[in-house]
Amino acid sequence: MKWEFSNDAPIYAQLITQIKVGIVSGVFPPGERLPSVRDLATEAGVNPNTMQRALTELERDGLVYSQRTAGRFVTEDAAMIEAVKRSLAEGHIRAFLDAMGRLGYQREEILSLLRQEESKEETIHASLGM
Amino acid sequence: MPVLECKGLTKRYGSVQALSNVDLTVEPGRIVGLLGPNGSGKTTFIKLANGLLTPSAGTLTVCGVQPGKESRAAVSYLPERTAIPTWMSAQQLLDFYGDFYQDFRRDAAEEMLEHLGIQPRQRIKQMSKGTREKVQLIMVMSRAAKLYLLDEPIGGVDPATRDYILSTIIGNYDPEASVIISTHLISDVEKVLDEVIFIDRGQVVLQSSVDEIREEKGMSVDALFREVFRC
């Protein structure tokens, strides 16, 4: 998994988002054991206490759970994972709409641009025989 | 008990005030960045903490005792300049550390050296600057110390070596021990730190957690540092 950090938000909050993406995208599959805090921290290149904090918050939300001796596991609750996926998608859409708004686009124009972009991609795929 | 505590810590070199009236506490399990421009007092602070210098005024304790024989057993120090004897081989260096420090984890050091592809017979002299820095850091982090004092561990090495050094620090994290890293290369280290201490002309101007700064100011520690120390 590739970890990336921006400069404008707390690191623990960015870790939460990236672990959520990992869970939604199947890098951390439902019911699977997560790597240890130390291993995750080393992989992400972050402070172990910061990683611990992110995992504690994910645990509080129920997305991961601890088993006293065995470690931390990803939830098996598919509906919960789906809800997280939806909320991450909504975040992306809000950021996109904000950016388009700053460029001066209205909602209708944005939708029509999206449709154009989609048909462009379809044409490319068709021409490549995909 | 805090790993390091100082009250009114002051150091003068003749008429020059290198540190004045520093109060700070470092709790166990913390990785702390000691950040300040050149000449701000970082190295003086580190040398006071490991007993290479004595305070002009004020007090400093490591695990409750004043720097001395007892505290030295608890402190692992990486000096700013490479200080390992260059005529030694990696093997001899391991023996040397094993003789000097009861808390030296030889297995851990051997494993890390092997991971770097360093042969036991290879001499320090034959190693590149980056490799020497890595070897010295491995020695320092292989002690089961209570306080690690790292003076500019990532200065003057390439970005890949920097990553290696930082991941070695994370990989050896011990919740009972603390690490103090002095540097001015903030963007490289800030993700690794719990908290930062800004030091300017011998005085502590800020002690805060990295995520508190990011949360409250909406900017990275690096950006805040540039703002505070604008020339």
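In what follows, chains are A, B, ... by sequence order, proteins preceding strands, each numbered from 1. Here the structure is a predicted model, which means the values were calculated and not measured.
- Minimum interatomic distance between A/Ile11 and B/Asp211 (heavy atoms only, all atoms of both residues): N-OD1, 2.6 Å.
- The part of B/Asn172 that comes within reach of chain A is its backbone (N, CA, C, O), which places non-hydrogen atoms under 4.5 angstrom from that chain.
- Heavy atoms of other residues, nucleotides or ligands lying less than 6.0 angstrom from CD of B/Glu111 number 12 at most.
- Between the CD atom in B/Glu190 and the CG atom in A/Asn7 there is a gap of 6.5 Å [rounded to 0.5 Å].
- The two atoms that bring A/Ala44 and B/Lys191 nearest to each other are O-NZ, 4.1 Å, heavy atoms only.
- In this structure, the separation between OG on B/Ser209 and OH on A/Tyr12 is 10.0 Å, given to the nearest 0.5 Å.
- Highest contact tally toward chain A, considering only B/Leu193, B/Val210, B/Ile170, is held by B/Ile170 [criterion: heavy-atom pairs under 4.5 Å].
- For B/Val189, no part lies under 4.5 angstrom from a heavy atom of chain A.
- Around the CZ atom of B/Arg106, the shell of radius 6.0 Å holds more than 12 heavy atoms that belong to other residues, nucleotides or ligands.
- Other residues, nucleotides and ligands contribute at most 12 non-hydrogen atoms within 6.0 Å of the CD atom of B/Gln102.
- Annotation for A/Pro48 and B/Ile31: closest pair CD-CD1, 4.2 Å, computed over non-hydrogen atoms.
- More than 12 heavy atoms of other shown residues, nucleotides or ligands fall within 6.0 angstrom of atom NZ in B/Lys146.
- Between the side chains of A/Asn49 and B/Tyr173, at least one donor N or O lies within less than 3.5 Å of an accepting N or O.
- Taking CZ from A/Arg38 and CG from B/Asp174, the interatomic distance works out to 7.5 Å, rounded to the nearest 0.5 Å.
- Atom CZ of B/Arg214 sits about 9.0 Å away from atom CZ of A/Phe5, to the nearest 0.5 Å.
- The 12-atom threshold is not exceeded at OH of A/Tyr105, counting heavy atoms of other residues, nucleotides or ligands nearer than 6.0 Å.
- Environment of CD in B/Glu114: sparse, with no more than 12 heavy atoms of neighbouring residues, nucleotides or ligands closer than 6.0 Å.
- Of the residues considered (A/Thr50, A/Asp8, A/Asp39), A/Asp8 shows the highest number of contacts with chain B, using heavy-atom pairs under 4.5 Å.
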Evaluate the criterion side chain to side chain contact (heavy atoms under 4.5 Å, CB included) for residue pair A/Asn47 and B/Val192; output intermediate values, then yes/no.
CA-CA 4 Å; A/Asn47 184 286; B/Val192 175; 5.5 Å; no
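- When heavy atoms are compared at a cutoff of 4.5 Å, B/Leu166 does not approach chain A at all.
- Applying the 6.0 Å contact sphere to CD of B/Glu70 captures no more than 12 heavy atoms from other residues, nucleotides or ligands.
- With a 4.5 angstrom heavy-atom cutoff, A/Ala9 touches chain B only via backbone atoms.
- With a threshold of 4.5 angstrom between heavy atoms, A/Gln52 does not approach chain B through any atom at all.
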